Amino acid sequence: MTRPYPLSRRGFLGVLGGGALALAGCGRLTGEASGRTLASALPLPAPFTVPLPVPPVARPVRPGHYELAQRAAKVEIIPGTRTEVWGFDGVFPGPTLDLRRGSETVVRVRNELPVPTSTHLHGGVTPADSDGYPTDLVVAAGRGFRPVGGHHAGMRIDPDQWTFHPGARDYAYPLEQRAATLWYHDHRMDFTGPQVWRGLAGFLLVRDDEDDALPLPKGDRDIPLMICDRAFDEDGAFRYPSRDPSLLVRAGVDDAYMEGVQGDVVLVNGAPWPELEVAAVRYRLRLLNASNARRYRLELRPGGRFVQVGSDAGLLAAPVEHDAVTIAPAERFDVVVDFSAYPVGSRVTLVNTLDDGTARNVMAFRVARKAADDSAIPKRLSRLGRIRRSDAVTTRVFDFRKSGEWAGAWTINGRPFTPGTPLARPRLGTVELWRLASDFHHPVHVHMAHFQVLTRNGKAPAATDGGWKDTVDLRPYEVVEVLVRFEGHRGRYMMHCHNLEHEDMAMMADIEVV
């Protein structure tokens, strides 16, 4: 298991000065581990024996209004056992909200669980009061809740920072943004990791005329794939190393898992190592890494290429071909795979080359038949409106690392998260250059604002960094520069590490857009 190593003072001054870090040999130290794997205690099914489920599509209760109930339900995940999930409408993943740009949608979330929740639309350009702030909680009707006096790093939260909604609350989503693959998930203070692990996540797809007009695969050949890892107890229950299994009193995980929790079972749309029957045609696969901590390097076997057409916040300017796609927690990649390249009857497997154990297999595709295909991948996809370094009105440095000073908390700029204390106050309508540095794997997510990756360690960004993004894979000892555009709404938002165990242990910060 890789341990985080502190960045030297000289190296950090290099970050502050804007130069690339000279980190000779750092690859020997960092490896690819992004957490510790928790083993399951029951026999696991053979890969590719369970069909791929597709999440149900949510239906409005009236035009522009949806209702989702967070509740416990028993479902079969590992064949022959029952697992209690905490799901939106009792399913995992939750229902897919399939919406259009500018549709001004209101989603009422009703909490029927024994714990408070806060729902965040990840990637949404959302008003601050509907963003799912960690201390803005929905508590089930008839249940009381009093926050614990202290949290993660022993810090105390001002009582004025807590807001409670009895039973349910409405989240308003204007959706004035480009077509994109978004997702919604729990964002409760100190307990996001275990509550997402139990199932509180689902897709929200934004569609628009630009995307619709492209000849990309559509209908049942446009498939959202939520990839995550889990571990299971002997009775089929989700296994997670919480210090307090009730998720009501003591936050955090056992010390051995503070780097992040990984499971030994890969689920796709809630099924273990599933198989999908496909025709020998093109498919659009909307890849989402919904794992707490695990990164994946996805490849096709016995060979093949992904043609990337979209990133976190929508279409790329032009398609990009990849032999492999490395996807960090919360990142999304829209890719097209052409299954006509494989003989009918063959099995194509999606594998994770960052693991050589049970998490190596992800899912399989069975090429069942030939079929007509009127789809195509055009040479141009969208006009992105690229931004330049010279557009930035200021430069900020954010250093993500573990701090011994704050009870082993994961911190940003040496400080644990303190609600109500902004780390930055960007102006609406401006662009800022943010320089991100790390000691470990930290997928950095910015709420409301989207960004473009400018450099990695002073060099060009990775081939998979293209397009508008809301999450960037910040790797050990890296310095990544991003140009962040603040368009949308004023108010209190956040930036944080999307390794959910790091997030729960203080690696978050307020960003006040003024």
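What you see below is based on every heavy atom in this structure, not just the backbone, and it leaves out hydrogens, waters and symmetry mates. This one's a predicted model, so the numbers in the text were calculated from it and none came from an experiment. Positions are given from 1 along the sequence.
Inter-residue side-chain proximity for V335 and R284 is flagged as unmet; no heavy-atom pair is nearer than 4.5 Å. Looking at heavy atoms from C-beta onward, N457 lies out of side-chain contact with Y477 at the 4.5 angstrom threshold. Using a 4.5 Å heavy-atom threshold, the side chains of M494 and P134 count as touching. Annotation: side chain of V479 is not in contact with side chain of R456 (no heavy-atom distance under 4.5 Å). Put simply, the side chain of T326 does not reach to within 4.5 Å of the side chain of T464, judged on heavy atoms. No side-chain heavy atom of P55 sits less than 4.5 Å from a side-chain heavy atom of P95. Within the 4.5 Å cutoff, side-chain heavy atoms of V337 are placed close to those of F306. Looking at heavy atoms from C-beta onward, R380 lies out of side-chain contact with P319 at the 4.5 angstrom threshold.
Note on R108 versus E67: no salt bridge recorded, every NZ/NE/NH1/NH2 to OD/OE distance being 4.0 Å or above. Salt bridge E321/R305: present, at least one basic N to carboxylate O contact under 4.0 Å. A salt bridge links D373 to R282: one of the charged nitrogens lies within less than 4.0 Å of a carboxylate oxygen. Remark: D209 does not engage R101 in a salt bridge, criterion side-chain N to carboxylate O under 4.0 Å. Using a 4.0 Å cut-off between a side-chain N of Lys or Arg and a carboxylate O of Asp or Glu, E277 and R369 qualify as a salt bridge. Under the 4.0 Å criterion applied to side-chain N and carboxylate O atoms, R100 and D208 are not assigned as salt-bridge partners. Ionic pairing of D334 and R332 is not present here: no N-O contact between side-chain nitrogen and carboxylate oxygen is shorter than 4.0 angstrom. For D473 and R295, the salt-bridge test passes: some basic side-chain N is under 4.0 Å from an acidic carboxylate O.
Expressed to the nearest 0.5 Å, how far CD of E503 lies from CG of N499 amounts to 9.0 Å. Within the model, atoms OG1 of T395 and CD of E481 stand 8.0 Å from one another, a figure rounded to the nearest 0.5 Å. Here the CG-CZ distance, from L354 to R297, works out to 4.5 Å after rounding to the nearest 0.5 Å. The CZ atom of R485 sits 11.0 Å away from atom CE of M448, with the distance rounded to the nearest 0.5 Å. Taking CD from Q262 and OG from S291, the interatomic distance works out to 8.0 Å, rounded to the nearest 0.5 Å. The structure places OH of Y257 at 4.5 Å from CG of L38, a figure rounded to the nearest 0.5 Å.
Residues that satisfy the ring pair (Phe, Tyr, Trp, His ring centres under 6.0 Å) test with Y184, not counting sequence neighbours, are F88. With sequence neighbours excluded, no residue forms a side chain to side chain donor-acceptor pair (under 3.5 Å) with D356. For F400, the ring pair (Phe, Tyr, Trp, His ring centres under 6.0 Å) criterion is met by no residue, not counting sequence neighbours. Checked against side chain to side chain donor-acceptor pair (under 3.5 Å), T117 has the following partners two or more places apart in sequence or in another chain: Q70. With sequence neighbours left out, T105 forms a side-chain contact (heavy atoms from CB on, under 4.5 Å) with Y66, L99, S103, V107, L175.
Side-chain polar atoms of D338 and S340 form a donor-acceptor pair below 3.5 angstrom. No side-chain donor-acceptor contact under 3.5 Å links T37 and D264. Side-chain atoms of R178 and S382 include a donor-acceptor pair closer than 3.5 Å.
Between W183 and H122, the distance separating the two ring centers is shorter than 6.0 angstrom. In this structure, the ring of H496 has its center less than 6.0 angstrom from the ring center of H187.
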Exercise. Starting from the C-alpha separation in whole Å, work towards a yes-or-no answer on ring-ring contact (aromatic ring centres under 6.0 Å, His included) for W197 and H185.
Key: CA-CA 10 Å; W197 187 272; H185 60 81; over 10 Å; no

Quiz item: Going through the distances and angles, do D391 and R386 end up as a salt bridge (charged side-chain N to carboxylate O under 4.0 Å, His left out)?
Solution: CA-CA 10 Å; D391 294 325; R386 288 198 62 82; over 6 Å; no

Self-check item: Criterion side-chain contact (heavy atoms from CB on, under 4.5 Å) on V351 and Y296, from CA distance to verdict
Solution: CA-CA 9 Å; V351 300; Y296 302 83; over 6 Å; no

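Taking the ring axis of F333 as reference, the NZ or CZ atom of K469 stays within 45° of it and closer than 6.0 Å to the ring centre.
Using bins of under 30°, 30° to 60° and over 60° for the plane-to-plane angle, the ring pair H447/H120 lands in the parallel bin. Using a 30° and 60° split on the angle between ring planes, H442 and F440 fall in the perpendicular class, above 60°.
Identified under the side-chain hydrogen bond (donor to acceptor under 3.5 Å, both in side chains) test for residues 265-276, with sequence neighbours left out: E275-R347.
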